[in-house]
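For reference, the structure discussed in these notes is given below.
Both counts, for ligands and for their atoms, begin at 1 and track the order of listing. A quick note: this is a predicted structure, and the numbers were derived from the prediction, not measured.
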Amino acid sequence: MLLGTLEAGGTKMVMGICDENMKILRSSSCPTRMPEETMKEILAFFEGEKLDAMGIATFGPADLHPQSPTYGNITNTPKLAWRDFPLLKTIQEALQVPCAIDTDVNAAALAEARYGAAKGLDNCLYLTVGTGIGGGLLCEGKLVHGMIHPEWGHLMLARREDDPLTRGVCPYHMICAEGLASGPSMQTRWAMPASELPDDHRGWDLEAYYLAQVCIAALFTVSTERIILGGGVMHHEALFPMIRQHVTQMLGGYLVSPRLADMDSLICPPDLYPNSGLIGGALLARQLME
Ligand code: ZN
C-alpha cells in the first residue's frame, strides 16, 4: 500500500510517501508561499507515484465537515492568500485518489496514539506551542471535530499578576493561551525570542504556569489520559518539569488516578518528532482504505 501524506503548515509544506506500516519511504518539503506556486511543488512531489490514498494534515482553521460545500477548504486564516483555498479539492482533482483531511494537530494526536507517546491509549491531547498554539484531541478513540474543530489555543486563561504583558498578542482575545503563551507572546513580553531566553529566566516559569492551565482544562473537561506537548517553544525541555509541577499544584489533590502518580508520562514530549503530523496524514489516508 502506498500512502501519500501532506503536512500543510503556515511556514512550510512537508510531503511524504509511507507504506501501510507508516514507514516513510520518501519525503520532501517546500516553503509555504502563494497557493498556486506552492501547490505546483506539492503536486510535483507526488507525480508518477501510484498512491492508494492521500491524507492531508493541515493548518487551520479549516472546514472539516464532509457535508459542507466548502469541505476541505482553509477558512479564515490570517494568511490571506490561503483564505478559502480549496486544499482538499485541489489535491483530490490532481491526484485522482481518495483523500482525507484533518487538522495538523488532530493528525499528530492520531499518530502519537497509534505509534508514539500515547500508544495504546484512546484519549490524548496533542498540543503544539510555537508561533501559534493548537491542540488535537483524540477522545474515546475518535478525533474530535464538533462544530468546527476545538481551538485549544484560544482558551481564556487567568493572567498572572507578575506578567509584564498586560494584553496578549492574539488579535481576537485579550488573554487567551495563544495571546499569553505562544512564541510571539514571549518575544513581545521579554523583547527577545523564546529560543534566546536564558535558562534561569523567570519567563519560563510564567510560560509553564500558562501551559499548565491548558493542561488542567484538558484534564478537567475530557479527562484526557495523556498530554503531548510539541512545537518550537517546547524545545526548551526544562519546561516539562515546570509544567508538571504547576499542574500538580493547580489540581489541588482533587483528581485521583494512578496516571497522576506518573506525571512524566501524563505530560510528555512527542515520540514521533518531527514526523507526528506527516505520519498522522498517512494514517488518515490508511483509514480511508480500511
Ligand atoms: Zn485568541
### Residues Asn73 and Thr70: side-chain donor-acceptor under 3.5 angstrom
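No, no side-chain donor-acceptor pair sits under 3.5 Å.
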### Task
Could you verify whether a donor N or O on one side chain and an acceptor N or O on the other, from Asp163 and Tyr210, lie under 3.5 Å apart?
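A donor-acceptor contact under 3.5 Å links the two side chains.
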### Message
At a cut-off of 2.8 Å, what protein N/O/S atoms sit near the Zn ion (ligand 1)?
### Response
His154 ND1, Cys170 SG, His173 ND1, Cys176 SG
### Query
Are the side chain of Gln213 and the backbone N or O of Ala158 linked by a donor-acceptor pair below 3.5 Å?
yes
### Query
Does any N or O in the side chain of Lys23 come within less than 3.5 Å of the main-chain N or O of Cys18, such that one atom is a donor and the other an acceptor?
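Side chain of Lys23 to backbone of Cys18: no pair is present.
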### Query
Would you call the rings of His154 and Tyr172 parallel, tilted or perpendicular, where under 30° means parallel and over 60° means perpendicular?
perpendicular
### Message
Would Arg160 and Asp205 count as a salt bridge (Lys or Arg N to Asp or Glu O under 4.0 Å) here? Give the steps.
### Response
CA-CA 11 Å; Arg160 204 161 78 174; Asp205 180 67; 3.1 Å; yes
